[in-house]
Amino acid sequence: MLGLNKKDFQLLLIVVALTALAPFILNPFPEGSAMAQFNAGYPDLMQKFVIFGIFAIGFNILFGLTGYLSFGHAAFLGVGSYSCVWMFKLLGYNVMPGILLSIVTSGIFAYLIGVVSLRRSGIYFSILTLAFAQMSFALAYSVLSNPKFNLTNGETGLQVYANDPQWMHSASKPDLPHFFGISMRATHEMEVGAWAFQFNFGYYLCALIMIAAFYLSIRIFRSPFGMMLRAVKSNNTRMYYTGLNARPYTLAAFVISGMYAGLAGGLLSAVDPLAGAERMQWTASGEVVLMTILGGAGTLIGPVLGSGLIKYFENIFSKINDSVLHGWFSFLPDGIEDFMVTIVHPFVGKGWHLTLGVLFMLIVIFLPGGLVQGGQKIRGLFTGRTEAEQAEADANHSTPAE
Amino acid sequence: MDAIILQILNGLDKGSAYALIALGLTLIFGTLGVVNFAHGAIFMLGAFCAVTLSKIFSISYQTVDETQTDFLGNPLKVDTPYVEYWFGPEMGAALIDWSVPLAILFSIPVMIAVGVIMERGLIKHFYRRPHADQILVTFGLAIVLQEVIKYYFGANPIPTPAPDMFRGSYDFSPLLGFDPNSVIYPVWRLIYFAFSALIIGAVFAFLQFTTFGMVVRAGMADRETVGLLGINIDKRFTIMFGIAAAVAGLAGVMYAPINAPNYHMGMDFLVLSFVVVVVGGMGSLPGAVAAGFLLGILESFASTTWATTTIPGINQIIIYLVAIIILLTRPRGLMGKKGVMEE
């Protein structure tokens with residue numbers, strides 16, 4: 001269906017169901033209960049889940065398929081954000097032109113960087129993209145914020161001011177990012193007993209876009225073009241000797257993933273109309289790499305899982321403090337309780353980056369295929385099949401005998 | 001003319017730091033073929049060795065001094081560092097004052113240990129895996145090291161002053177025949193430059209004139225053949241990793257008085273030192289050193305008022321611009337050998 005085979009279609013349906021029901025799934029504990037701190041069903045965070053999901057899906061098209069490790073994708077995210085805010089400033093708060101412009105500008109930007117960076121491969125490519133991204137960061141942070149030619153507003157960040165033209169803005173429209181009149185912050189609250197669920201328009205718009213992006217990425221993965229990219233990953237030299245020039249393909253992949261990143265950046269601005277240079281810093285590029293690896297590079301669902309997990313950690317784990325920890329371990333004898341709190345303390349709260357780093361190292365060392373591979377391994381334990389058999393069975397499954 | 005000399009001097013200290021980190025990176029890359037994203041974190045660990053030592057020296061106990069009173073007439077509490085108690089007040093004060101130079105001695109074994117443990121514990125398992133995996137795992141390690149330091153030392157920069165003797169500036173003008181006060185330069189930065197020149201010289205001499213260094217160089221050229229000759233090349237490479245870590249660590253120790261150490265200084269330097277390595281030529285030791293100084297000096301020239309008013313922000317992007325131009329026109333870098341990592 002939709003040009004997908006049965007298995008991919010099921011996957012797409014799962015993703016659709018997950019995103020549509022996210023307010024329920026991420027909000028399993030009643031408001032006011034002790035466990036409510038693990039609820040992630042509030043709009044801001046759900047928006048981040050899907051937006052960074054888009055970012056990671058796009059990054060995966062480049063890294064997962066071609067194996068080119070770009071350390072500069074945050075630059076496209078930043079360019080997307082800036083373009084979107086500029087659209088707000090010039091045209092008005094409708095998000096549509098902003099998102100479209102951010103895709104276009106980041107595409108152009110990615111093309112320019114890609115043409116240059118893709119002349120090298122391997123580690124040189126990583127460092128070139130890193131250099132470009134740091135340069136863009138420096139440009140956004142200082143050069144383009146000079147009084148004569150202020151594009152980025154430096155460290156304050158770009159935002160919409162009252163004296164901006166906003167040509168298409170009219171008094172009837174909300175003074176906040178909106179989608180043809182429906183505010184991005186429009187939230188419907190539903191109370192079911194002790195539970196409170198929030199349905200946010202901005203989230204559902206982003207989720208819809210993410211599903212479209214996910215669908216597109218499935219199509220790319222299954223297309224001859226995707227096959228070509230996989231061939232580049234497995235052996236570029238052999239491709240070259242068979243007379244194929246891989247550059248246009250890798251460049252296309254680079255530009256597509258750059259546009260995904262730009263789209264994500266545009267959406268970030270659409271839900272919160274402020275763009276800052278720190279989105280372009282190379283640690284932000286590192287974050288998307290972490291997301292993709294954590295979930296499983298080269299798999300369809302992996303990047304979405306990874307981005308969700310990292311954003312969840314960032315927002316929920318970083319809130320846990322010592323008193324919460326004491327609550328967790330209160331069933332233990334006093335001495336052991338204090339000891340456990342001391343042990344766990346560096347990993348939560350402000351230290352969640354440490355958890356992230358450790359988790360990331362463990363994944364790279366023991367589970368190069370990410371969480372998806374982990375899931376397959378666990379499945380293998382139950383069904384008693386090895387991974388290879390599993391993969392083979394899946395492959396057979398996906399091409400039904402006709 | 002004096003302005004040019006001043007800018008060259010200004011560039012030297014940053015250039016020295018770049019050169020030392022890039023030297024270690026290149027050493028690791030040349031010997032083990034590993035792209036070490038945790039090298040900046042090692043530099044940071046070095047700087048925190050200096051912080052740790054100065055903190056250890058200033059651990060003190062409180063006594064009540066009956067001879068001194070505050071304005072209410074209560075006896076004053078006096079903090080006396082243990083080192084002053086043990087070594088006498090003068091010697092103790094000198095020890096505290098000299099904690100940064102003394103940290104050199106303290107850091108060498110620590111950093112070698114860090115390097116060797118890192119290589120044996122982690123990087124050893126990544127020789128046969130793709131470069132991307134090596135980058136990723138060392139990147140993860142860098143995050144972990146950074147966060148551990150942040151946990152123990154906090155997120156704020158910790159000022160770690162140089163010894164009293166080396167504070168202040170030195171006026172070169174009379175020496176060079178300019179007007180007084182036209183070429184003034186902080187003494188510690190001069191020492192930093194001299195120190196890094198010494199370290200670089202020592203590393204080169206070690207590789208050039210000792211049997212150990214000769215074997216390592218042979219191993220860099222052809223690892224298998226050296227292994228076949230019955231030499232345990234892996235062990236030597238491990239030691240080289242330790243030395244590379246020590247070089248970066250020393251660069252960090254001595255850099256502490258120039259910029260107060262903070263937990264992300266490693267990441268800040270890492271990106272730049274990778275750029276330096278690439279500009280110098282991957283796998284070329286002289287290239288790394290030359291490019292380090294070159295880019296440091298270039299950066300300081302680009303930071304002059306004249307340059308920043310002509311092209312605003314040029315100081316921030318000059319290094320990347322140079323790197324991009326060099327990578328595109330001469331992919332092997334300034335002094336890189338043909339065929340090393342060229343794809």
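Order of the sequence lines fixes the chain letters, A, B, ..., with proteins taken first and strands second; residue numbering starts at 1 for each chain.
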key: Region of A:L69 that comes under 4.5 Å of a non-hydrogen atom in chain B   = side chain
ask   = How about A:M135 and B:I324: do any of their side-chain heavy atoms sit closer than 4.5 Å?
value = yes
key: Heavy-atom contact with chain A under 4.5 Å, split by part of B:I318   = neither
task = Identify which of A:A131, A:P346, A:G357, A:P368 forms the greatest number of heavy-atom pairs closer than 4.5 Å to chain B.
result = A:P346
ask   = Taking A:F137, A:F125, A:F360 one by one, which has the highest count of heavy-atom pairs under 4.5 Å against chain B?
value = A:F360
task = State whether the number of non-hydrogen atoms from other residues, nucleotides or ligands found under 6.0 Å of B:R330 atom CZ is greater than 12.
result = yes
remark   = Rounded to the nearest 0.5 Å, the CZ atom of B:F37 sits from the CG atom of A:L130 at a distance of 5.5 Å
query = chain A heavy atoms under 4.5 Å from B:Y152: which part of the residue, side chain, backbone, both or neither?
reply = neither
request  = Can you see which heavy atom on B:R129 is nearest to which on A:I365, and at what distance?
outcome  = NH1-O, 3.3 Å
note = OH (B:Y263) and NE2 (A:H353) are apart, to the nearest 0.5 Å, by 8.0 Å
key: Part of A:V289 lying under 4.5 Å from any heavy atom of chain B   = side chain
task = Side-chain contact test, heavy atoms from C-beta onward, threshold under 4.5 Å: evaluate it for B:F126 versus A:V364 and give yes or no.
result = yes
ask   = Would a 4.5 Å heavy-atom cut-off, applied to side chains only, mark B:I143 and A:L356 as touching?
value = no
message = So which residue, B:V277, B:L141, B:D133, ends up with the most heavy-atom pairs under 4.5 Å with chain A?
response = B:L141
Separation of A:Q281 CD from B:D268 CG (nearest 0.5 Å) = 8.0 Å
ask   = Is the CZ atom of B:F153 crowded by more than 12 outside heavy atoms at less than 6.0 Å?
value = yes
query = Looking only at heavy atoms, what is the nearest atom pair of B:V271 and A:Q134, with distance?
reply = CG1-CG, 3.7 Å
ask   = Which distance, rounded to the nearest 0.5 Å, do you find between the CG of A:L354 and the CD of B:Q146?
value = 11.0 Å
Side chain, backbone, both or neither of B:I135 within contact of chain A (heavy atoms, under 4.5 Å) = side chain
task = Please state whether the side chain, the backbone, both or neither of B:A132 comes within less than 4.5 Å of a heavy atom of chain A.
result = both
Under 4.5 Å from any heavy atom of chain A - which part of B:L122 = side chain
key: Between A:Y68, A:F71, A:F63, the one whose heavy-atom pairs under 4.5 Å with chain B are most numerous   = A:F71
request  = For atom OH of A:Y141, decide whether the heavy atoms of other residues, nucleotides or ligands shown that lie under 6.0 angstrom number more than 12.
outcome  = no
